[in-house]
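All residue numbers in this chain count up from 1 along the given sequence.
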Amino acid sequence: MPQYVVSGIMDDFPKNLTDFRERFSTEESCIDYLIALRWPNGFECPICGKKKVRRTTRGLFECQKCLRQTSVTAGTLFHDTRKPLRLWFEAMWHITNQKYGANALGLQRVLGLGSYHTAWQWLHRLRRAMVRPGRDKLSGTVEIDETYIGGERSGKRGRGADNKDLVAVAIEDKSKESTTGKGIGRIRLQLIPNASAESLNDFIKANVNEGSCIRTDGWSGYHSVSTIGYEHVVANSMDLKIAHLSISLLKRWLLGTYQGPVNSIHLSYYLDEFTFRFNRRTSGSRGQLFYRLLQQSLLSDPVPCKEIVGGKATHASTISENVGNLQDIPFQHGYHM
């Protein structure tokens with residue numbers, strides 16, 4: 001599928017719930033908004049590049065030269081959806097207006113969906129749109145640490161823990177730029193296979209600008225950080241306060257919003273949602289978060305159902321046998337914190 005530049009107008013978003021409902025009360029108003037967002041300079045045929053088109057009775061753009069028909073949702077997260085766009089907009093407004101996130105059961109109730117399965121799939125599709133392609137790397141002073149998520153059964157503690165998934169954490173320390181001395185910048189979270197130097201260096205290079213100052217504890221996996229283009233400061237583990245704070249907030253968020261269960265197969269996308277929310281925690285406008293999620297949904301590829309549901313857990317032996325109170329995982333048994 002061809003990719004289109006999505007720019008739009010940053011102040012063209014609903015300011016509150018009343019404004020949202022007035023602006024997107026019909027399917028046509030939702031389509032028009034997507035068109036303006038996806039093609040701010042006017043539609044251009046993806047085959048021949050011509051701008052001379054007509055709108056069909058089904059709302060498609062038909063090129064008057066090559067007769068190619070294109071939908072505004074083609075090749076996006078909404079590709080081939082059978083539900084009204086108005087309902088998708090409602091879902092995104094609800095998700096971005098929940099301070100701590102939304103689970104599938106809550107989304108089903110708010111939208112009046114007949115199927116929990118549909119609400120669950122929508123949430124996982126939208127999580128895939130929460131990471132912007134080509135996003136800027138972290139910079140300045142960045143704290144790096146790791147944490148384990150999952151594992152209902154007890155096992156080894158620390159970096160050799162069993163039955164758990166290892167998550168690397170990078171977070172900017174902006175205290176020197178803050179008048180209160182408590183500045184916390186952006187965060188990056190990523191599943192990594194182990195705490196080896198190779199895995200940790202790959203994570204740092206993928207998420208932090210070269211030349212930045214990396215602050216870590218004394219774990220041997222960080223000993224080569226200074227050889228890959230970064231300044232490296234080794235601190236006492238107890239001094240990695242903002243990294244530890246972000247890890248604590250992540251685990252509290254998983255427990256509070258999803259009652260603890262996190263499936264290994266889908267954990268990366270929960271991390272993406274937490275990152276999306278954390279990095280926009282100071283935004284004074286929920287409408288702007290809605291706009292950003294919608295914008296990134298137009299840049300996201302279609303996500304087939306089998307891609308969401310299928311696959312095999314990385315640590316299948318640790319999957320819980322008890323799914324009685326799961327709120328967000330209907331098909332797989334889940335991890336507990």
Side-chain angles (χ1 to χ4, degrees), residues 1-9 12-14 20-21 23-47 53 55-63 68-98 101-102 104 107-108 110-134 266 269 272-273 276 286-310:
M1 288 289 181
Q3 291 294 318
Y4 301 91
V5 175
V6 179
S7 57
I9 305 171
D12 185 22
F13 51 79
F20 171 82
R21 288 178 171 168
R23 294 190 63 174
F24 304 119
S25 60
T26 66
E27 190 72 1
E28 188 64 27
S29 62
C30 296
I31 292 173
D32 289 344
Y33 191 73
L34 288 187
I35 290 171
L37 188 60
R38 188 170 185 180
W39 299 302
N41 298 318
F43 175 80
E44 190 173 284
C45 178
I47 300 299
V53 296
R55 290 281 296 276
T56 70
T57 55
R58 294 190 299 146
L60 303 176
F61 286 92
E62 183 176 271
C63 177
R68 164 68 180 261
Q69 291 187 343
T70 305
S71 166
V72 69
T73 60
T76 73
L77 198 73
F78 312 111
H79 189 80
D80 284 343
T81 181
R82 297 180 181 179
K83 295 290 186 181
L85 285 173
R86 184 177 53 80
L87 206 58
W88 276 100
F89 277 41
E90 288 272 2
M92 287 186 283
W93 182 264
H94 174 71
I95 291 168
T96 54
N97 275 265
Q98 301 302 303
L107 185 64
Q108 181 191 12
V110 167
L111 299 184
L113 296 172
S115 169
Y116 175 88
H117 180 186
T118 299
W120 182 85
Q121 282 197 17
W122 279 24
L123 274 174
H124 276 287
R125 284 190 167 95
L126 290 169
R127 288 186 185 111
R128 283 156 169 76
M130 288 182 175
V131 170
R132 178 172 56 86
H266 308 115
Y269 302 110
D272 289 344
E273 180 180 358
F276 178 86
R286 297 289 100 183
Q288 192 168 1
L289 299 187
F290 162 81
Y291 172 92
R292 181 61 68 191
L293 180 56
L294 184 59
Q295 183 185 51
Q296 292 175 195
S297 296
L298 290 175
L299 289 170
S300 298
D301 292 329
V303 184
C305 175
K306 63 181 180 181
E307 182 179 317
I308 301 174
V309 178

request  = Determine whether more than 12 heavy atoms belonging to other residues, nucleotides or ligands lie under 6.0 Å from atom CZ of Arg55.
outcome  =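 More than 12 within 6.0 Å, yes.
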Nearest 0.5 Å, please: how far is [atom2] in [Y] from [atom1] in [X]?
{"X": "Leu126", "Y": "Tyr269", "atom1": "CG", "atom2": "OH", "value": "13.5 Å"}
{"X": "Phe276", "Y": "Arg127", "atom1": "CZ", "atom2": "CZ", "value": "12.5 Å"}
{"X": "Ile95", "Y": "Trp122", "atom1": "CD1", "atom2": "CH2", "value": "9.5 Å"}
{"X": "Asp301", "Y": "Arg128", "atom1": "CG", "atom2": "CZ", "value": "12.0 Å"}

Minimum heavy-atom separation for [X] and [Y], please, with both atom names.
{"X": "Ala104", "Y": "Leu123", "answer": "N-CD1, 3.2 Å"}
{"X": "Met130", "Y": "Asp272", "answer": "CB-O, 4.1 Å"}
{"X": "Asn97", "Y": "Arg286", "answer": "OD1-CB, 3.1 Å"}
{"X": "Thr76", "Y": "Val72", "answer": "CG2-O, 4.0 Å"}
{"X": "Phe290", "Y": "Phe89", "answer": "CE1-O, 3.6 Å"}
{"X": "Leu60", "Y": "Ser71", "answer": "CD2-CB, 3.5 Å"}

task = Show your reasoning for whether side chain to side chain contact (heavy atoms under 4.5 Å, CB included) applies to Leu289 and Leu293.
result = CA-CA 6 Å; Leu289 299 187; Leu293 180 56; over 6 Å; no
Contact between [X] and [Y] at the side-chain level, heavy atoms closer than 4.5 Å - yes or no?
{"X": "Arg68", "Y": "Cys45", "answer": "yes"}
{"X": "Gln98", "Y": "Val110", "answer": "no"}
{"X": "Gln108", "Y": "Leu113", "answer": "yes"}
{"X": "Leu298", "Y": "Phe78", "answer": "yes"}
{"X": "Trp39", "Y": "Glu44", "answer": "no"}
{"X": "Pro14", "Y": "Trp93", "answer": "yes"}
{"X": "Leu294", "Y": "Leu34", "answer": "yes"}
{"X": "Phe13", "Y": "Arg292", "answer": "no"}

Sidechain-backbone polar pair: [X] side chain, [Y] backbone, donor-acceptor under 3.5 Å:
{"X": "Ser29", "Y": "Arg23", "answer": "yes"}
{"X": "Arg125", "Y": "Leu77", "answer": "no"}
{"X": "His94", "Y": "Glu90", "answer": "no"}

inquiry  = Check for me whether the distance between the ring centres of His266 and Trp120 falls short of 6.0 Å.
reply    =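 So the answer is yes for these two rings.
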ask   = Where do Tyr33 and Leu85 land on the side chain to side chain contact (heavy atoms under 4.5 Å, CB included) test, with the steps shown first?
value = CA-CA 11 Å; Tyr33 191 73; Leu85 285 173; over 6 Å; no
Distance-only side-chain donor-acceptor flag, Gln121 / His117, under 3.5 Å =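 Side-chain D/A pair, Gln121 to His117: present.
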Cation over ring face, Arg86 and Phe24, 6.0 Å, 45° =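 No.
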